[in-house]
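Notes for the one structure printed next.
Note that the coordinates shown come from a computational prediction; the quantities given were computed from them, not determined experimentally.
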Amino acid sequence: MQSHFSALAYAPELSATALEEASAVLARHGAVDGEWRPVSAEGFQAAELTVVAPADADAASVVPEQWLVSAREALAEAGLSIDVAVVPYALRQAERKFLIMDVDSTLIQQEVIELIAAHAGKEAEVAAVTEAAMRGELDFAASLHQRVAQLAGLPETVFDEVRQAVRLSVGAQRLVDAFHGAGHRVAVVSGGFNQILGPLAEELGLDFWLANDLEVQDGLLTGRVAGDVVDRATKASRLREWAQASGVPLEAAIAVGDGANDLDMLATAGLGVAFNAKPAVQAAADAAINVPNLDAVAVLAGVPLA
């Protein structure tokens, strides 16, 4: 049976030559329908092409996964100077969709724990551990406890100062508004902290959110996390739970993240998107965005930007 996919190309600038080369690569892996069509986007250029997988790509599967993988690998091997993602057409056309994102270095531009650690003079030490954890070199829960211990003794007023320093990623508000405007649900799940995420989530009007809690006693941070750590397994389980509560099948869910802690979530969603991510995450994701603009997620998901 034949299956339709949307090939999305996006970059700060798209040349006709690059698009022609992408078409040639895809044509060798299946029938290409029509010409590249411009897609509205802010801050970068995008184009879409409908791709029809060969009828014999995978006779036993509605979605020929192996064909998808081989097409993506071929595009990568071509060394194109643009990012190209091959997205299941059914996801792009789904009536209801569910978007779930990581927070630090995804929804926002910074790592919150590093912002807090700066107030304790421990930013460099904490940043080094964060980087290793995001590359998957350290167990996330153990690394979080190690980093949080550096915050012991800080006054809880640090939360107000850090909230003022947090900056949304480019396109974050537009992305949330676009999904909500189209009747979809939006969630975030973070290895960061509720003390910072809670007010931000309410401001953005998110449908679901979850993060860790920093323990506070007598107005001071204890250097401990209260309750269970939000790790990669938790992120994936919350995706399943919230998507089901929203009446959205996992095939119509889009997950976005940048670190190893997001890998299970990206694998669980119908479309896992690596956002300016570590190499191991880009290799495992369905699509990789390497422009600092979350508008690209709406383009991939087929959700019109206002």
Side-chain angles (χ1 to χ4, degrees), residues 1-94 251-252 254-258 263 266-267 269-303 305:
M1 66 183 301
Q2 289 190 320
S3 297
H4 289 70
F5 301 86
S6 287
L8 274 296
Y10 38 94
E13 293 185 5
L14 284 177
S15 70
T17 300
L19 290 176
E20 288 173 5
E21 187 173 355
S23 293
V25 172
L26 289 169
R28 291 195 291 271
H29 288 263
V32 175
D33 176 24
E35 302 292 331
W36 288 98
R37 298 173 293 278
V39 177
S40 176
E42 293 191 37
F44 64 100
Q45 296 178 333
E48 177 186 16
L49 185 71
T50 299
V51 181
V52 183
D56 60 351
D58 186 347
S61 174
V62 175
V63 179
E65 295 291 351
Q66 282 308 115
W67 179 86
L68 259 176
V69 170
S70 63
R72 289 181 61 237
E73 288 177 348
L75 288 165
E77 289 168 5
L80 296 173
S81 59
I82 57 176
D83 290 316
V84 180
V86 185
V87 183
Y89 195 67
L91 183 147
R92 303 246 316 153
Q93 298 300 312
E251 292 77 9
I254 303 99
V256 186
D258 73 302
L263 285 171
L266 300 188
L271 179 67
V273 181
F275 182 69
N276 298 299
K278 306 299 181 288
V281 180
Q282 293 204 32
D286 298 312
I289 293 172
N290 291 300
V291 292
N293 190 330
L294 283 171
D295 288 330
V297 176
V299 172
L300 288 172
V303 174
L305 290 161

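- Contact record, A280 with L263: O-CD2, 4.5 Å, taken as the closest heavy-atom pair.
- No donor-acceptor pair under 3.5 Å is formed between the side chain of D258 and the backbone N or O of F275.
- Contact detail for A285 and G272: the closest heavy-atom pair is CB-O, 3.5 Å.
- The CG atom of L49 sits 6.0 Å away from atom CZ of R37, with the distance rounded to the nearest 0.5 Å.
- When all heavy atoms of A7 and V51 are compared, the closest pair comes out as CB-CG2, 3.8 Å.
- E21 is linked by a side-chain hydrogen bond (donor to acceptor under 3.5 Å, both in side chains) to nothing, counting only residues two or more places apart in sequence or in another chain.
- With sequence neighbours left out, the side-chain hydrogen bond (donor to acceptor under 3.5 Å, both in side chains) criterion links N290 to D83, Q282.
- Among residue pairs with one or both ends in residues 5-15, those qualifying as side-chain hydrogen bond (donor to acceptor under 3.5 Å, both in side chains) are S6-E48, S6-R92; sequence neighbours excluded.
- When all heavy atoms of G270 and D286 are compared, the pair lying nearest together is O-OD2, 3.7 Å.
- Taking all atoms of both residues into account, the shortest heavy-atom contact from V281 to G257 is CG1-O, 4.4 Å.
- Shortest non-hydrogen contact noted between S23 and W36 is OG-NE1, 2.6 Å.
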List the atom pairs, with distances to 0.1 Å, where a side-chain N or O of residues 292-302 and a protein N or O form a donor-acceptor pair under 3.5 Å, not counting sequence neighbours.
from, atom 1, to, atom 2, distance (Å)
N293, OD1, D295, N, 2.8
N293, ND2, E42, O, 2.6
D295, OD1, R174, NE, 3.1
D295, OD2, R174, NE, 3.2
D295, OD2, R174, NH2, 2.8

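- Annotation: side chain of E251 is not in contact with side chain of L91 (no heavy-atom distance under 4.5 Å).
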With side chain to side chain contact (heavy atoms under 4.5 Å, CB included) as the criterion, how do L75 and V86 come out once you've worked through the C-alpha distance, each side chain's angles and the decisive distance to 0.1 Å? CA-CA 10 Å; L75 288 165; V86 185; 4.1 Å; yes
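- Not a single side chain to side chain contact (heavy atoms under 4.5 Å, CB included) links A90 to another residue, sequence neighbours left out.
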